[in-house]
Number of protein chains: 2
Amino acid sequence: MMHPPTSSAKNSLLKLENQLCFPFYAVSRLLTKAYQPMLQALDLTYPQYLVFLLLWEHQQLTVKELGEKLLLDSGTLTPLLKRMEQRQWLNRRRDPRDERSVIIELLPAGRSLEAQACAIPQHMLERVHMSDEAIAALRLHLTHLLTQLT
Amino acid sequence: MMHPPTSSAKNSLLKLENQLCFPFYAVSRLLTKAYQPMLQALDLTYPQYLVFLLLWEHQQLTVKELGEKLLLDSGTLTPLLKRMEQRQWLNRRRDPRDERSVIIELLPAGRSLEAQACAIPQHMLERVHMSDEAIAALRLHLTHLLTQLT
DNA sequence: CGAGAATACATTGTACACAATTAAACATTA
DNA sequence: TAATGTTTAATTGTGTACAATGTATTCTCG
């Protein structure tokens, strides 16, 4: 007859090393730090880089669309986008067809960063020393978790 | 003859969906959010919960040791620990044998949270709907990445 | 021993994250 | 169409993260 783990310090489930969440938390921050030298050369933060990835591909998106893709809300995005607007990287304006929406449009200064950023993903892939198969497997796990958690 | 990817928008490596980093960033934040309801019942933030995991196991640690285990520096830990001290969850004092170090000691109010927290890991494991094998495989990948990135 | 290096923590300033609230525009439906 | 509800951003307040700097303590080695 099995018993549920006790609440004592012997409960190994309560040890940091046995948490599933902590490695994600740690790896996520370490990955961001690994980007740092490359992003600093462009004077970019990591979340700003993510916004650029979307704008380089789509040129124009609403705050809502950015939020859906990045899983961020306006509380995070509004000030972040304002800072990027100050740098002339993008443009913020209300959608005339629906004044509730704000359209974010890539400006030439933002577009010009793309050429300098295009080497970053390759650098990062080399940095982690993983086979294509391992990366593919990892991607599957992550996608599964994303769907489970959203 | 292969060419390196161009810097144009067609460079699929520059798309958000093909980044390895973004899923970690997203999963990490989603996991934290999944903890939220349970941690809120204890009036805890996620990093504070991580500190507790270590203190429940070790009772007493220096700021340096906490930082090494959580990969956080004093810039993050000092204010976080001060907030936890205000709640009487722990105690901060200089080590008499080395006045540079600060010893963090779990107090009874902090210890008493352990019993309420012990169900959290199990809840989270059920939440992600993954087999033990999948979790073990994922853990391996994460551990590999952690060592690569530290 | 004593000067300089190294260590451990605190502080400062910037930038996320995110819950909660507000406000304006739009949609719905009775 | 007018009241009600929904959607979209902005705002407010709190709490991390982290680079850069400051400061007191300890170590090291000539």
Side-chain angles (χ1 to χ4, degrees), chain A residues 21-22 24-37 39-41 43-51 61-68 70-87 89 92-104 149, chain B residues 21-22 24-37 39-52 61-87 89 92-104:
Chain A
C21 55
F22 176 69
F24 281 102
Y25 168 75
V27 166
S28 173
R29 288 185 297 117
L30 288 172
L31 279 172
T32 301
K33 273 192 202 172
Y35 276 91
Q36 245 299 106
L39 294 180
Q40 186 170 304
D43 206 7
L44 276 180
T45 66
Y46 180 68
Q48 290 169 4
Y49 171 69
L50 296 180
V51 167
L61 289 164
T62 65
V63 171
K64 176 188 153 88
E65 289 167 331
L66 283 171
E68 283 170 353
L70 299 177
L71 306 179
L72 292 172
D73 65 14
S74 67
T76 301
L77 285 174
T78 296
L80 187 155
L81 293 168
K82 280 183 177 175
R83 281 187 285 273
M84 295 179 77
E85 186 183 34
Q86 282 179 358
R87 309 287 202 84
W89 285 334
R92 292 175 344 116
R93 67 174 194 281
R94 291 281 165 180
D95 183 344
R97 295 180 309 158
D98 183 346
E99 291 280 343
R100 290 172 302 182
S101 289
V102 167
I103 297 176
I104 305 300
L149 293 169
Chain B
C21 54
F22 175 68
F24 280 102
Y25 168 76
V27 166
S28 172
R29 287 186 299 117
L30 288 172
L31 279 172
T32 302
K33 274 192 202 172
Y35 277 90
Q36 244 301 104
L39 294 180
Q40 185 170 303
L42 308 183
D43 205 8
L44 275 180
T45 67
Y46 180 68
Q48 289 168 5
Y49 171 68
L50 296 180
V51 168
F52 266 130
L61 289 164
T62 64
V63 172
K64 175 187 154 87
E65 289 166 331
L66 283 170
E68 283 171 353
K69 290 173 190 294
L70 299 176
L71 307 179
L72 293 171
D73 65 14
S74 68
T76 300
L77 286 174
T78 297
L80 187 155
L81 294 169
K82 279 183 178 176
R83 280 187 284 273
M84 295 179 76
E85 186 183 34
Q86 282 180 357
R87 308 288 203 82
W89 285 334
R92 299 164 65 243
R93 68 173 194 279
R94 291 281 166 179
D95 183 344
R97 294 180 309 159
D98 181 347
E99 291 281 342
R100 291 172 302 181
S101 289
V102 167
I103 296 176
I104 306 300

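Residue numbers begin at 1 in each chain, while the letters A, B, ... track the order of the sequences.
The side chain of B:Lys82 contributes an N or O atom lying less than 4.0 Å from OP1 or OP2 of C:dT11. Taking only side-chain nitrogens and oxygens, B:Thr45 comes nearer than 4.0 Å to OP1 or OP2 of D:dT16. Distances shorter than 4.0 Å separate some side-chain N or O of B:Arg92 from OP1 or OP2 on C:dA10. OP1 or OP2 of D:dT16 has at least one side-chain nitrogen or oxygen of B:Gln48 nearer than 4.0 Å. Between A:Arg94 and the phosphate of C:dA25, there is no side-chain N or O to OP1/OP2 separation shorter than 4.0 Å. Close to C:dA17, at under 4.0 Å from its OP1 or OP2, lies a side-chain N or O of B:Tyr25. Look at B:Arg29 and you won't find any side-chain N or O under 4.0 angstrom from OP1 or OP2 of C:dC16.
Nearest-nucleotide positions on DNA chain D for B:Pro47 and B:Asp95 put B:Pro47 closer to the 5' end. Heavy-atom nearest nucleotides on DNA chain C were determined for A:Leu71 and for B:Thr76, and the one closer to the 5' end corresponds to B:Thr76. With the nearest nucleotide of DNA chain C identified for both A:Asp98 and A:Asp73, A:Asp73 has the one nearer the 5' end. The residue among B:Gly75 and A:Leu77 whose nearest nucleotide of DNA chain D is located toward the 5' end is A:Leu77.
Note that OG1 of B:Thr62 and CG of B:Asp95 are 8.5 Å apart. Values are rounded to the nearest 0.5 Å.
Residue B:Leu80 contributes atom CG, which lies 14 Å from atom C1' of C:dA10 at whole-angstrom precision. B:Gln40 places its CD atom 13 Å from the P atom of D:dG15, with the value rounded to the nearest Å. With rounding to whole Å, A:Phe24 atom CZ is found 17 Å from C:dA17 atom P.
Side-chain atoms of B:Arg92 do not come within 3.5 Å of backbone N or O of B:Ile103 as any donor-acceptor pair. Formation of a donor-acceptor pair under 3.5 Å by the A:Arg29 side chain with backbone atoms of B:Leu71 is found in this model. The closest donor-acceptor contact from the side chain of A:Arg93 to the backbone of A:Val102 lies at 3.5 Å or more, if one exists at all.
You'll find that the side chain of A:Val102 is closest to D:dA10, out of D:dT8, C:dA17, D:dA10. In the set C:dA15, D:dT8, D:dG15, D:dT8 carries the atom at the smallest distance from any side-chain atom of A:Ser101.
Taking only distance into account, the side chain of B:Ser74 never meets the base of C:dA8 through a donor-acceptor pair shorter than 3.5 Å.
Across all strands shown, A:Thr32 has no heavy atoms under 4.0 Å from either base or sugar-phosphate atoms.
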Quick tally for nucleotides 1-6 of chain D: nucleotides whose base has a protein heavy atom under 4.0 Å get B, sugar-phosphate-only ones S, the rest -, giving ------
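Shown here are the salt bridge (charged side-chain N to carboxylate O under 4.0 Å, His left out) partners of B:Lys64, two or more places apart in sequence or in another chain: B:Glu68. Among residues two or more places apart in sequence or in another chain, the side-chain hydrogen bond (donor to acceptor under 3.5 Å, both in side chains) test is passed with B:Asp73 by none.
Atom CZ of B:Arg97 has 12 or fewer heavy atoms from other residues, nucleotides or ligands within 6.0 Å.
Side-chain atoms of A:Leu50 and B:Tyr25, non-hydrogen and from C-beta on, do get closer than 4.5 Å to each other.
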